[in-house]
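What follows is one structure encoded as structure tokens, with my remarks underneath.
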Amino acid sequence: MKFSTIARQHWAALRALLLFTAILGLAYPLLVWVVAQLPGLDDKAEGSLLEVDGRPVGSSLIGQLYTDPEGNPLPQYFQGRPSAAGDGYDTLSTSASNLGPEDVVDLPDAPSLLTLVCSRSAAAGELDGVSGARPFCTDGGVGAVLSVIGPRDARPTRVVSVNEPCDTTSTPFLATYEGVRVECAEPGEDYRVGRIVPVRGAAADEPQVPADAVTASGSGLDPHISTAYADLQVNRVAAARGMTPDQVRSLVAAHTEGRTLGFLGHPRVNVLELNLALDGSE
């Protein structure tokens, strides 16, 4: 290939590089920045920061924890939904748990999604004075799941409650299954040789603790809760602050956002904005 041909090809490639650098590296970012400064968009472009006495306390777009140093929920604050981002709402570790509906068996170093839901529901119920019972959960707040070992068309030879480890006082959530005594699990044992059977139990179809109180969002940063979860917490927050439930409900209503574009999603409550309003009302 002639040198002149090579030179023309490299010059064409260089011009294309310069052109696209100017368009995509300079002009397009500048255009986005200019649009972001338009009224109505500038606040979001700056992070939607909320301030108290001139000091930023958070973003209305990102949730945060309302717990003491030991991780216990502060009763005077509305609690957000669980977060799987780092230690909770960590913007540098934004992520989901990657657990799915088939994840029902606890591992030695990681609880299953079912047990996470059960334990969170029990904790939320205890905090707000309602029943935390859910279908497929034991009274102890773990997944009610059995490993049924033996032929499928005959009586099992062994049945193990896989999420309830043994100790000297352990009693499985179910005494017998198909006429076989239920055992509690031995630490480190693998019971996947049997059929994994979740047990429905007697809990109501509609739990008192709503779904967003026990499941994390996809990003782990969701700043909102449902109106149902907010309503569940009203009496506890009112008692902790010496307010009446009606006073707290009026603040909840003032910080409830409607459906996006009027038809997408559900009404929701911004937890940070609500808690700041509660602090400002005292």
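The only option from Val142, Val145, Asp106, Val104 that meets the side-chain contact (heavy atoms from CB on, under 4.5 Å) definition with Val162 turns out to be Val145.
Counting non-hydrogen atoms of neighbouring residues, nucleotides and ligands closer than 6.0 angstrom, the CG atom of Asp87 reaches no more than 12 such neighbours. No more than 12 heavy atoms of other residues, nucleotides or ligands lie within 6.0 Å of CD in Glu126, so this atom counts as exposed by the packing criterion. For Arg152, the CZ atom sits in a loose shell: 12 or fewer heavy atoms of surrounding residues, nucleotides or ligands are nearer than 6.0 Å.
For the atom pair CG of Leu107 and OG of Ser112, the computed distance is 8.0 Å after rounding to the nearest 0.5 Å. Interatomic distance, CD of Gln208 versus CZ of Arg134, reported as 10.5 Å (0.5 Å rounding). Rounding to the nearest 0.5 Å places CG of Leu114 at 11.0 Å from CD of Glu102.
Looking at Arg181 and Thr176, their side chains never bring a donor and an acceptor atom within 3.5 Å of each other. Side-chain contact of Arg268 with Thr227: a donor-acceptor pair under 3.5 Å is absent, judged by distance alone. A donor-acceptor contact under 3.5 angstrom links the side chains of Asp279 and Tyr77, judged on distance only.
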Please step through side-chain contact (heavy atoms from CB on, under 4.5 Å) for the pair Glu273 and His224, ending with a clear verdict. CA-CA 10 Å; Glu273 293 179 355; His224 299 95; over 6 Å; no

Steps toward side-chain contact (heavy atoms from CB on, under 4.5 Å) verdict (Phe20, Arg15): CA-CA 9 Å; Phe20 283 110; Arg15 284 182 295 170; over 6 Å; no

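Under a 3.5 Å cut-off, the side chain of Arg259 and the backbone N or O of Leu264 do not form any donor-acceptor pair. Under a 3.5 Å cut-off, the side chain of Asn270 and the backbone N or O of Ser60 do form a donor-acceptor pair. Formation of a donor-acceptor pair under 3.5 Å by the Ser161 side chain with backbone atoms of Leu146 is not found in this model. A donor-acceptor pair under 3.5 Å links the side-chain atoms of Asp190 to the main chain of Arg192, judged by distance alone.
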